[in-house]
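Computed from heavy atoms alone, side chains included, the values below leave out hydrogens, waters and symmetry copies.
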Amino acid sequence: MNIILIGFMGAGKTTVGRKLANRLGYFFLDTDQQIEKQQGCTIEEIFRYAGEATFRDLETKLLENLQSVRNTILSTGGGMFIRSKNQELLKDIGKTVYLQVDRGTLEQRLQCDLNRPLLQQPNWQKNVNQMLQHREPIYLTADLTIKAQDGPPNVMVSRIIEAI
Ligand code: S3P
């Protein structure tokens, strides 16, 4: 079985995913880290030199190549689940779990972020708001939604294991 964590930037997908993999004795794979490794540069550099559309195509290509993974926790970039082709590919790979965090908490967590390209602008809060409005209904089509803001990552891990 594979479990796929989806959700907005700052939802804790990587932290929770790593701990979940440890707890279950599964492999762990983070799609952003995988793309950086394959491309030999950072996500920020991909956005800067090749553009967001290229990054989105790299995400889809990666998922096409991950169809045969087993016993893996997959932590995805926040925009990964938004493309409908990716939704199909992810649902073929495993059970999708949405880590749901409210906007205020996300903004607090993201306010000093210097790495995520979509947040490097003066009006980033407006951007977060717009992206959340667009993305939330799509995230909610995941197999499972876990409230992920009111406790440490280990509690989220237990919630996921109980719910699955
Ligand atoms: C993105 C989220 C990032 C990364 C890229 C784009 C998004 O991943 O994939 O900067 O569109 O929400 P995290 O959700 O791990 O920050």
Strictly distance-based, threshold 3.5 Å: is any side-chain N or O of Gln120 a donor or acceptor partner for the main-chain N or O of Arg116? yes

side-chain contact (heavy atoms from CB on, under 4.5 Å) between Thr72 and Met1, intermediate numbers included: CA-CA 7 Å; Thr72 299; Met1 184 181 64; over 6 Å; no

In Å, rounded to the nearest 0.5 Å, how long is the span from NZ of Lys95 to CD1 of Ile4? 10.5 Å

Residues Gln100 and Glu136: side-chain donor-acceptor under 3.5 angstrom: yes

Closest approach of Leu99 and Ala148, non-hydrogen atoms and distance? CB-CB, 3.9 Å

Non-hydrogen atoms of Pro153 and Thr15 that approach each other most closely: CG-CG2, 3.8 Å

Run the side-chain contact (heavy atoms from CB on, under 4.5 Å) check on Glu64 and Lys85 step by step: do they pass? CA-CA 10 Å; Glu64 284 167 349; Lys85 170 82 181 158; 3.7 Å; yes

Atom CD1 in Ile46, atom CD in Gln39: separation rounded to 0.5 Å? 5.0 Å

Do the side-chain N and O atoms of Asn86 and Glu59 include a donor-acceptor pair separated by under 3.5 angstrom? no

Show the nearest heavy-atom pair for residues Phe27 and Arg70, with the distance to one decimal. CD1-O, 3.5 Å

Got a second to check how far Gln33's CD is from Thr42's OG1, nearest 0.5 Å? 12.5 Å

Among the clusters formed by ILVMFWY side chains lying less than 4.5 Å apart, do Leu5 and Ile35 turn up in the same one? no

Leu74 pairs by side chain to side chain contact (heavy atoms under 4.5 Å, CB included) with which of Thr31, Val69, Asn2? Thr31

For the residue pair Val16 and Val157, what are the closest heavy atoms and their distance? O-CG2, 3.8 Å

side-chain contact (heavy atoms from CB on, under 4.5 Å), that's the test. Do Phe28 and Leu20 meet it? Break it down for me. CA-CA 9 Å; Phe28 174 73; Leu20 180 61; over 6 Å; no

State, to 0.1 Å, how close Leu118 and Asn127 come at their nearest heavy-atom pair, and which atoms those are. O-ND2, 3.1 Å

Within-4.5 Å side-chain heavy-atom neighbours: Lys19 and Arg23: no

Are Gln149 and Gln108 close enough that some pair of their side-chain heavy atoms sits under 4.5 Å apart? no

Give a yes or no on whether Met9 and Leu62 share a hydrophobic cluster (residues Ile, Leu, Val, Met, Phe, Trp, Tyr; joining criterion: side-chain heavy atoms under 4.5 Å apart). yes

Flag the pair Leu29 / Ile73 as yes when at least one side-chain heavy-atom distance between them is below 4.5 Å, and no otherwise. no

Side chains of Ile161 and Leu24: does their closest heavy-atom pair fall under 4.5 Å? yes

Is it the case that Asp57 and Thr60 place a side-chain donor and acceptor less than 3.5 Å from each other? no

Using atom types as modelled and distance alone, determine if a side-chain donor or acceptor of Asn123 lies under 3.5 Å from a backbone N or O of Lys126. no

Do Ser75 and Arg18 have side-chain atoms, one donor and one acceptor, less than 3.5 Å apart? no

Judged by atom type as modelled, is there a donor-acceptor pair below 3.5 Å linking the side chain of Thr105 to the main-chain atoms of Val101? no

Find the distance between CE (Met156) and CD1 (Ile146) and round it off to the nearest 0.5 Å. 9.0 Å

When every non-hydrogen atom of Leu90 is compared with those of Thr96, the smallest separation belongs to CB-CG2, 4.3 Å

Does the salt bridge (Lys or Arg N to Asp or Glu O under 4.0 Å) test come out yes or no for Asp150 and Arg159, once each step is laid out? CA-CA 12 Å; Asp150 58 341; Arg159 275 185 198 167; 2.9 Å; yes

Please say yes or no: joined through hydrophobic side-chain contacts below 4.5 Å, possibly via intermediate residues, are Met80 and Ile82 part of one cluster? yes

Would you say Leu110 and Leu114 are hydrophobically clustered, going by side-chain heavy atoms of ILVMFWY under 4.5 Å? no

What is the distance from atom CD1 of Ile6 to atom CG of Asp143, rounded to the nearest 0.5 Å? 9.0 Å

Hey, could you give me each pair passing ring-ring contact (aromatic ring centres under 6.0 Å, His included) that has a residue in residues 48-102? Not counting sequence neighbours. Phe47-Phe55, Tyr98-Tyr139

Asp92 vs Leu63 side-chain heavy atoms within contact, under 4.5 Å: no

CD on Gln87 to OG1 on Thr141, rounded to 0.5 Å: 5.0 Å

Do the side chains of Glu107 and Trp124 get nearer than 4.5 Å, heavy atoms only? yes

With a 4.5 Å cut-off on side-chain heavy atoms, are Leu106 and Asp102 touching? no

Residue pair Asp113 / Asn115, side-chain heavy-atom distance below 4.5 Å: yes

Applying ring pair (Phe, Tyr, Trp, His ring centres under 6.0 Å), name anything that partners Tyr26, two or more places apart in sequence or on another chain. none

